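A quick note: this is a predicted structure, and the numbers were derived from the prediction, not measured. Values below: every heavy atom of this structure, side chains too, minus hydrogens, waters and symmetry copies. Per chain, numbering begins at 1; letters A, B, ... match sequence-line order.
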Amino acid sequence: MMRLPPFRFHAPETLEEAAAILADKGSDAMILAGGTDLLPNMKRGQHTPKHLLTLRRISSLRDVRNGSGLSIGAGLTLTQLLSNQTIRKDYTALWQAAKVVATPQLRNMATLGGNICLDTRCNFYDQSKEWRKAINYCLKKDGDTCWVATSSKTCLAVSSTDTAPALVALGARIRLVSSAGERVIRLEDFYNNDGLDYLNRRADEILSEVILEPVSGWKSTYWKLRRRGSFDFPVLAVAVAVKFTDDGTVEDARIVLGAVASMPMLSTDAAEFLIGKKIDDEVIRETGRIAAKIARPVNNTDLDPPWRKKVIPEFIRYALREVRGDDISSLRQRVAHQSRS
Amino acid sequence: MNTHVIELIVNGDLREVAVRPNLTLLQLLRDHLRLTGTKHGCGTGDCGACTVLLDGRPVNSCLTLAVEARNRTITTIEGISTSGTTLHPVQQAFVEKGAVQCGYCTPGMIMSSVHLLRTNPDPTESEIRHAIGGNICRCTGYTKIIEAIETAARAKKGSGQ
């Protein structure tokens, strides 16, 4: 039986108190949100923090505020997020993404902030300590070789968050709070394409909220490829948000691919191609081809990489057909094991 | 020492326990409170054998720190029967429909089912499948389990509970 290693536990009541503890402990401390990713990783010896700081007592981190757009507290559980009708109606891609994270139990525990900060994953990393020791560890933890591509200088572990691609497509910004002050950045700037150093987060910073812009004219959707419909990390995520003018011309677009690199990948080429056009079948075909170019699936997750690469443009096309207004709910159910809402 | 004294309500009883931070709720229930109905399966949140209700919602107790259960309400498989002598309708239906083979997943499966029928008394088959999506059974193929949950829903409706 895998047990948790020992640590000291801190349960601050306010964000200020939490920031002060982090400022004091630095990289010896890790933040505990829902714990559904961190605690299994700690049991496998992937993380051994001296201090764990829970955010659960800080009720302000669960606030959802309507204003110009929407502000969502990072401590909201995914189940709480799913019960929010504004998110369901206006920020469809986020709602759909949250709906297909893990299982009912895990969604009751896991938070939005935790899913955004989810550790990158790899078949050579998400293993017991004994397993990893047998291969002399890997670049991400305790070793110096990336077993996915032994010549790689950087870690190729995969960004496996569902909500982040959706949020990047929706143009979300995040607030990071520390005792030195706070900053608001675009979510895509929070990530590096490096499986080891995948977050631009200082050790003393707390992700406190997600800020979404007003949605008038925008439509969004999220498609996820996985082996099982009940419970799996994505092996491909496609999040598409398109802003239409009244006559159906694309005014703005954001196409994001998840689980194909160490960060959610935003295809600016595909967006540039789409803008000013109407989404007909030929445009959909070509956009799928262009957007898929940013994906580099490697052999470190479930399903065969050449096949995964082959289906990427198809998934992008499904998403585009859906935002155009086609009813492809039966295809969604069959291919992605997912209902629209 | 690095120990926290916490109070929590387990199956209706107020308990005061001293816990180290790295003790999981599952370890607290099984090893300290001797409530061994809740099972340890994978330990990583994949199988659902350790499912309990925390403030009324199903969670994986193997991924919940005991210290985080402070001042909260826990219901385990031992606590779902109101009388203590008769089975809960979901338990009864599992027995009647033969929804138990090796039995290891059963307590977790039943906790997820109890929560489903509390929040959705008349679920469709699809809703049942989604509700037990976090509980893995390697024996039954799920057919009998789904039948049992449907039976329990009908029995609850019939009894007006």
* **Contact summary for Phe231(A) and Gly133(B), nearest pair of heavy atoms** => CB-O, 4.3 Å
* Asked: Can you say whether Ile136(B) sits under 4.5 Å from chain A via the side chain, the backbone, both, or neither, judging by heavy atoms?
  -> side chain
* So which of Lys43(A), Arg107(A), Met42(A) has the biggest tally of heavy-atom pairs under 4.5 Å with chain B? -> Lys43(A)
* To do: Could you tell me whether Lys25(A) atom NZ has more than 12 heavy atoms of other residues or ligands within 6.0 Å of it?
  => yes
* To do: Select one option (side chain, backbone, both, neither) describing which atoms of Gln27(B) are under 4.5 Å from chain A's heavy atoms.
  => side chain
* Using atom types as modelled and distance alone, determine if a side-chain donor or acceptor of Asn22(B) lies under 3.5 Å from a backbone N or O of Leu4(A). => yes
* Residues of residues 55-64 of chain A contacting chain B, heavy-atom criterion under 4.5 Å, by residue number -> Arg56(A), Arg57(A)
* Asked: Measuring heavy-atom distances to chain B, does Phe7(A) have an atom under 4.5 Å in its side chain, in its backbone, in both, or in neither?
  -> both
* To do: Could you tell me which non-hydrogen atom of Leu39(A) sits nearest to which non-hydrogen atom of Leu63(B), and how far apart they are?
  => CD1-O, 3.2 Å
Would you tabulate the side-chain donor-acceptor contacts of residues 31-50 of chain B under 3.5 Å, counting partners in other chains and residues two or more places apart, or write 'none'?
{"from": "Lys39(B)", "atom 1": "NZ", "to": "Thr36(B)", "atom 2": "O", "distance (Å)": "2.8"}
{"from": "Thr44(B)", "atom 1": "OG1", "to": "Asp46(B)", "atom 2": "OD2", "distance (Å)": "2.6"}

* Who among Arg44(A), Met2(A), Arg228(A), Arg3(A) has the most heavy-atom pairs with chain B under 4.5 Å? -> Arg3(A)
* Taking Asn108(A) for the side chain and Pro58(B) for the main chain, is one N or O donor matched with an acceptor at less than 3.5 Å? -> yes
* Where on Leu32(A) is there a heavy atom nearer than 4.5 Å to chain B: the side chain, the backbone, both, or neither? -> side chain
* **Donor-acceptor pair, side chain of Asn60(B) and main chain of Gln105(A), under 3.5 angstrom** => no
* Over all atoms of both residues, closest heavy-atom pair of Gly134(B) and Pro104(A) -> N-CD, 3.9 Å
* To do: To the nearest 0.5 angstrom, please state how far the CZ atom of Arg20(B) sits from the CZ atom of Phe9(A).
  => 15.0 Å
* To do: Hey, could you give me the OG1/CD distance between Thr54(A) and Glu68(B), rounded to the nearest 0.5 Å?
  => 3.5 Å
* Side chain, backbone, both or neither: which part of Ser112(B) has a heavy atom under 4.5 Å from chain A? -> side chain
* Heavy-atom pairs under 4.5 Å with chain B are the metric here; pick the option from Gly35(A), Ala11(A), Pro5(A) that has the most. => Pro5(A)
* **Leading residue by heavy atom contact count with chain A [cutoff under 4.5 Å; candidates Arg70(B), His115(B), Arg129(B)]** => Arg70(B)
